[in-house]
Amino acid sequence: MRFEKGHKAATRRHIIDVASKCMRRDGISAAGIAGIMGEAGLTKGAFSPHFESKDALVREALASALSDQQHRLDEDQRRGVALEGAIRRYLNRAHLKDPAGGCPSAALLPEIARQPLSTRQDYEKALRSYVSSLAALLPEADSAASRRRATTIFGLMVGTLQFARAVPDTVQAEQILEGGVEAALQLARAPSP
């Protein structure tokens, strides 16, 4: 059977998108190849023409999710969204309820730490890029202190979201999110050391 030009690339992209959502929803370990391929509407046998291993798929799925997150922050910056808007876009009810479509750090950080070195290096590179974009929203955006502060703010945002997701009480979870927004903004406004 012959497929149209670009079919293989489109199928690969579809598998990556589905895998990214499955991994953020269920975790890297729990997201098996058969389940991912089933959700993609493909057989397990269709996996090997596209990826040499699950590790290869994990790298690409994680890179895709990180790229999407970077793109959203970059779009916010182009539209003139200030730091508070970027923080509130991250720490909100919709993001709380959608781990599969949200930040891969909040959904997968403990598992990312257990991935092969190459995957962690790719994550670190994407993290630096995201933190640089976040630092650009801070006063003295080009300073090393601003990048350190942006890293800390992002860590606070990730931890806040993880904490809020672990709490079954919706009111309590939203209070945690708002507390995270307030703490991040206070950190952003604190005088440089």
Side-chain angles (χ1 to χ4, degrees), residues 20 23-25 27-28 58-59 61-167 169-193:
S20 180
M23 289 175 193
R24 284 179 282 167
R25 182 189 65 216
I28 294 170
V58 168
R59 279 184 74 188
L62 187 56
S64 175
L66 291 164
S67 175
D68 289 347
Q69 181 178 9
Q70 179 72 50
H71 178 74
R72 286 189 296 272
L73 182 60
D74 291 343
E75 282 297 310
D76 283 349
Q77 285 180 309
R78 278 192 278 287
R79 289 186 319 208
V81 172
L83 179 65
E84 182 172 352
I87 292 169
R88 288 191 182 280
R89 182 173 175 26
Y90 188 96
L91 293 175
N92 64 52
R93 176 187 274 173
H95 196 186
L96 175 74
K97 303 282 185 199
D98 186 24
C103 174
S105 296
L108 299 170
L109 214 47
E111 286 188 277
I112 292 169
R114 294 182 191 98
Q115 293 303 302
L117 178 62
S118 60
T119 301
R120 294 190 337 265
Q121 288 171 328
D122 288 351
Y123 173 79
E124 183 179 22
K125 181 179 175 187
L127 173 65
R128 278 195 301 267
S129 177
Y130 186 85
V131 165
S132 291
S133 294
L134 199 56
L137 299 172
L138 295 170
E140 303 170 27
D142 292 331
S143 73
S146 182
R147 286 187 294 282
R148 281 193 307 274
R149 187 171 295 193
T151 301
T152 304
I153 289 168
F154 183 61
L156 184 142
M157 290 164 47
V158 168
T160 297
L161 186 59
Q162 289 175 320
F163 188 24
R165 283 181 177 162
V167 175
D169 182 329
T170 308
V171 173
Q172 176 80 16
E174 289 184 16
Q175 289 171 347
I176 291 168
L177 292 176
E178 189 56 35
V181 169
E182 291 169 12
L185 290 173
Q186 285 178 1
L187 183 59
R189 294 181 190 124
S192 295

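None of these values were measured; they are calculated from a predicted model. Computation of the quantities below employed the complete heavy-atom set of this structure, encompassing side-chain atoms and omitting hydrogens, waters and symmetry-equivalent molecules.
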Tell me every residue that passes salt bridge (charged side-chain N to carboxylate O under 4.0 Å, His left out) with R114, counting only those two or more places apart in sequence or in another chain.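 Applying salt bridge (charged side-chain N to carboxylate O under 4.0 Å, His left out) to R114 gives none.
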For R120, all residues meeting salt bridge (charged side-chain N to carboxylate O under 4.0 Å, His left out), sequence neighbours excluded: none
With rounding to the nearest 0.5 Å, note down the distance linking [atom1] in [X] to [atom2] in [Y].
X	Y	atom1	atom2	result
I176	E174	CD1	CD	10.5 Å
E124	L127	CD	CG	7.5 Å
I112	D122	CD1	CG	11.0 Å
L177	Q172	CG	CD	10.5 Å

Any idea which heavy atoms bring [X] and [Y] closest together, and the distance?
X	Y	value
G180	L156	O-CD2, 3.3 Å
P139	S146	O-OG, 3.8 Å
P104	A65	CG-CB, 3.8 Å

E75 and R72 ion-paired at < 4.0 Å: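 No.
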Please name all residues satisfying side-chain hydrogen bond (donor to acceptor under 3.5 Å, both in side chains) with [X], sequence neighbours left out, ordered by chain then number.
X	value
N92	none
R89	D76
T160	none
E111	S29

Output yes when a side-chain donor or acceptor of T151 lies under 3.5 Å from a complementary backbone atom of R147, and no otherwise.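 Indeed, once roles are kept as given, a pair shorter than 3.5 Å links the two residues.
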Under 3.5 Å donor-acceptor, T152 side chain and R148 backbone: yes
List the steps, then state whether side-chain contact (heavy atoms from CB on, under 4.5 Å) holds for S105 with Y130. CA-CA 11 Å; S105 296; Y130 186 85; over 6 Å; no
Can you list everything that forms a side-chain contact (heavy atoms from CB on, under 4.5 Å) with [X]? Sequence neighbours excluded, please.
X	answer
L83	I87, L134, L137, L138, A188
S133	Q70, L73, D74, Q77
A106	Y90, C103, V158, L161, Q162, R165
A126	L66

Listing request: all ring pair (Phe, Tyr, Trp, His ring centres under 6.0 Å) pairs with a residue in residues 104-125, at least two apart in sequence or in separate chains. none
For S20 and R24, what are the C-alpha separation, side-chain angles and deciding distance, and is it a side chain to side chain donor-acceptor pair (under 3.5 Å)? CA-CA 6 Å; S20 180; R24 284 179 282 167; 2.8 Å; yes
Under the side chain to side chain donor-acceptor pair (under 3.5 Å) definition, can you give me all pairs with a residue in residues 175-190, not counting sequence neighbours? R88-E178
Is any side-chain heavy atom of M23 less than 4.5 Å from a side-chain heavy atom of L62? no
